[in-house]
2 protein chains.
Amino acid sequence: MGVLERSHLTIIQEVAREGSLTAAGMRLNLTQPALSHSIRKIEQQLGVKIWRREGRSLVLTQAGEWLLALANRLLPQFDLAESRLEQFANGERGTLRIGMECHPCYQWLLKVVSPYLERWPKVDVDVRQKFQFGGIGALFNNEIDILVTPDPLYKPGLKFTPVFDYELVLAVGPEHPLRNAKFVLPEQLVDETLITYPVPSERLDIYTQFLQPAGIAPRQQKQIETTDIMLVMVAHGRGVAALPRWLVKEYASHFELYSVKLGKKGITKQIFLGHRETDEDIHYLRDFIEFAASPQ
Amino acid sequence: MGVLERSHLTIIQEVAREGSLTAAGMRLNLTQPALSHSIRKIEQQLGVKIWRREGRSLVLTQAGEWLLALANRLLPQFDLAESRLEQFANGERGTLRIGMECHPCYQWLLKVVSPYLERWPKVDVDVRQKFQFGGIGALFNNEIDILVTPDPLYKPGLKFTPVFDYELVLAVGPEHPLRNAKFVLPEQLVDETLITYPVPSERLDIYTQFLQPAGIAPRQQKQIETTDIMLVMVAHGRGVAALPRWLVKEYASHFELYSVKLGKKGITKQIFLGHRETDEDIHYLRDFIEFAASPQ
DNA sequence: ATGACTATATGAATTCTGTGCATTAACGAG
DNA sequence: CTCGTTAATGCACAGAATTCATATAGTCAT
């Protein structure tokens with residue numbers, strides 16, 4: 001089995017560097033006899049002479065030169081590894097895996113992530129959107145570290161932090177009769193084409209909190225992946241979409257878009273970040289939550 | 001100081017591979033508690049959790065994944081190193097440094113080295129020709145492992161083996177009056193141009209064994225590095241040269257050359273290979289000497 | 001739920017390796 | 001030759017690694 005250890009390479013390198021066991025011992029915090037015993041053992045375990053005893057100094061043999069080259073190549077990698085691990089230990093390095101259960105939040109997330117990456121140059125961010133057992137399950141399975149969700153499910157071991165509120169509104173185009181309406185009622189959507197993200201309707205607030213309570217369904221539903229395309233369609237009168245008010249406002253600089261309140265009182269949503277309690281000592285994770293919760 | 005050892009990487013790799021401490025223990029010839037204690041120690045020494053305890057199995061953390069990648073990268077290099085060292089130990093690998101104190105022997109050496117390199121694919125051959133303290137000194141200083149020389153100097157610790165005999169002759173061109181002579185005497189060279197290798201005349205046998213005893217010097221001496229050019233010059237009547245008979249014969253197929261015996265009895269030389277007695281257990285070195293000594 | 005099975009964790013005892021001390025041996029410079 | 005320096009050696013000890021025995025925990029089938 002393997003007998004050559006990192007410590008042996010260190011000794012070989014240091015002895016070659018200092019040229020004497022005594023000096024090398026000083027640097028390694030070992031006594032000269034300790035090294036003498038060590039190198040003898042290495043040599044007989046490997047069955048190779050590593051040094052030629054020349055007078056009172058040690059000169060590397062061919063095999064020794066070869067080992068020295070190996071040491072010079074491998075030891076820096078060990079050192080690097082240890083400094084990396086220290087960063088892991090201090091929570092300075094890692095991958096923050098963020099799960100999303102809220103399609104339109106993607107735009108918001110982007111705005112949070114960019115400055116965060118600046119602050120934590122050694123932390124990578126990974127965003128995932130599909131979960132076999134739901135976002136909460138993904139948190140428990142350790143598939144993700146942070147969950148962006150509008151539905152905090154308070155379970156032991158998990159914690160949720162509210163990060164921002166927004167109002168869900170109906171986005172309509174410039175030709176739409178509702179464009180200047182104070183608000184819209186469910187029955188006003190029976191003849192509309194509703195554009196949504198491609199997820200089950202029980203995960204769309206426009207259904208669960210607006211249409212279904214009134215027993216209404218829109219004439220047609222179109223599913224579109226990306227927010228940009230969705231709003232282009234809306235601006236051209238190909239349908240209407242339920243989105244956060246701030247998102248519609250943002251896109252309004254590019255396309256002509258109007259926001260209409262959903263119902264008399266409007267629909268207000270709150271977004272939470274969920275995380276495992278066991279992760280609370282991870283510095284970069286805690287900072288992400290604090291940073292995200294502070295108003296941008 | 002460094003705490004991460006090769007053995008730790010081995011454990012990480014093996015546990016990841018087998019998925020359980022018990023199984024990994026079998027492969028490493030260790031018991032399960034041994035591993036359990038080891039990994040706990042590694043973790044607390046590094047200050048990083050490497051595994052997450054999930055149910056009754058161990059799952060790598062981010063830091064653990066990182067270490068596994070390191071292990072997969074470094075461990076093969078350790079394995080390779082050990083197999084190389086085994087080859088060193090068995091004398092199958094190394095560099096045979098050959099020193100030359102005999103210029104014309106270079107041609108002979110080439111003929112010996114080619115088949116030798118075939119027989120020892122892992123042994124490299126290095127030929128050196130300049131020595132600060134002479135060839136014998138170079139042997140003692142470990143600058144070379146084998147010395148090709150016509151002057152064996154029997155000293156304790158060194159051994160010399162005769163490898164071949166040759167006759168030193170005078171090479172002349174087709175227009176030369178001596179071309180068919182039975183032999184040549186020193187005084188017949190007073191008006192000649194003598195072509196030699198660029199070394200001090202005390203190292204040229206034509207001087208020490210032929211001209212100087214008779215108190216004769218040639219009209220002119222030209223120094224030329226390479227045997228080829230030397231013999232081209234001779235063939236064109238630009239001078240004469242003292243070289244081994246077999247060498248002249250070999251070149252006679254390319255240029256018109258004639259060999260003339262030096263003195264009535266001729267000059268016979270013997271070439272030896274010198275080596276350190278301490279090197280006699282190096283397999284590839286002993287084989288080189290045996291191989292060189294056997295008639296080609 | 002319960003029990004059988006299998007995995008890891010733990011603690012104490014033991015074995016072994018590594019280290020240091022004291023000393024010897026070898027070398028080199030003055 | 002002698003002194004200063006360096007490596008080698010033998011012995012003794014401390015601490016680390018390993019094992020054994022056992023506790024604890026999770027999984028699966030009934």
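Computation of the quantities below employed the complete heavy-atom set of this structure, encompassing side-chain atoms and omitting hydrogens, waters and symmetry-equivalent molecules. Here is the naming used below: chain letters follow the sequence lines, and residue numbers restart at 1 for every chain.
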Has the side chain of B:Arg56 got a donor or acceptor that lies under 3.5 Å from a partner of the other kind on the base of C:dT8?
no

Looking only at the side chain of [X] (C-beta and beyond, no hydrogens), which of the listed nucleotides [options] gets closest?
{"X": "B:Thr22", "options": "D:dA16, C:dA7, D:dT9", "result": "C:dA7"}
{"X": "B:Ser20", "options": "C:dG18, C:dT8, C:dG11", "result": "C:dT8"}
{"X": "A:Ser36", "options": "D:dA8, D:dC20, D:dT5", "result": "D:dA8"}
{"X": "A:Pro33", "options": "D:dG4, C:dA22, D:dT19", "result": "C:dA22"}
{"X": "A:Lys41", "options": "C:dC21, C:dG18, D:dG4", "result": "C:dG18"}

Please state whether the phosphate of D:dT19, meaning OP1 or OP2, lies under 4.0 angstrom from any side-chain nitrogen or oxygen of B:Thr31.
yes

Expressed as a whole number of angstroms, how long is the span from [X]:[atom1] to [N]:[atom2]?
{"X": "A:Leu21", "N": "C:dA26", "atom1": "CG", "atom2": "P", "answer": "17 Å"}
{"X": "B:Gln32", "N": "C:dT10", "atom1": "CD", "atom2": "P", "answer": "11 Å"}
{"X": "B:Arg53", "N": "C:dT6", "atom1": "CZ", "atom2": "P", "answer": "22 Å"}
{"X": "A:Arg40", "N": "C:dT19", "atom1": "CZ", "atom2": "P", "answer": "15 Å"}
{"X": "A:Glu54", "N": "D:dA8", "atom1": "CD", "atom2": "P", "answer": "13 Å"}
{"X": "B:Leu35", "N": "D:dC20", "atom1": "CG", "atom2": "C1'", "answer": "15 Å"}
{"X": "B:His37", "N": "C:dA9", "atom1": "NE2", "atom2": "C1'", "answer": "8 Å"}
{"X": "B:Ile39", "N": "C:dA7", "atom1": "CD1", "atom2": "P", "answer": "15 Å"}

A:Ser38 near the nucleic acid: base, sugar-phosphate alone, or nothing, with a heavy-atom cut-off under 4.0 Å?
sugar-phosphate

Checking all strands, does A:Leu30 fall into the base, sugar-phosphate, or nothing category for heavy-atom contacts under 4.0 angstrom?
sugar-phosphate

Between B:Glu82 (side chain) and A:Leu4 (backbone), is there a donor-acceptor pair under 3.5 Å?
yes

Worked verdict on B:His283 versus B:Glu92 for side-chain hydrogen bond (donor to acceptor under 3.5 Å, both in side chains)
CA-CA 7 Å; B:His283 212 280; B:Glu92 294 170 6; over 6 Å; no

Which is more 5' along DNA chain C, the nucleotide nearest B:Ala23 or the one nearest A:His8? Just name the residue.
B:Ala23

May I ask you to test the B:Phe160-B:Leu273 pair for a side-chain heavy-atom distance under 4.5 Å?
no

Student check: side-chain heavy atoms of A:Val59 and B:Asn142 closer than 4.5 Å
no

Can you see which heavy atom on A:Phe272 is nearest to which on A:Tyr154, and at what distance?
CE2-OH, 4.0 Å

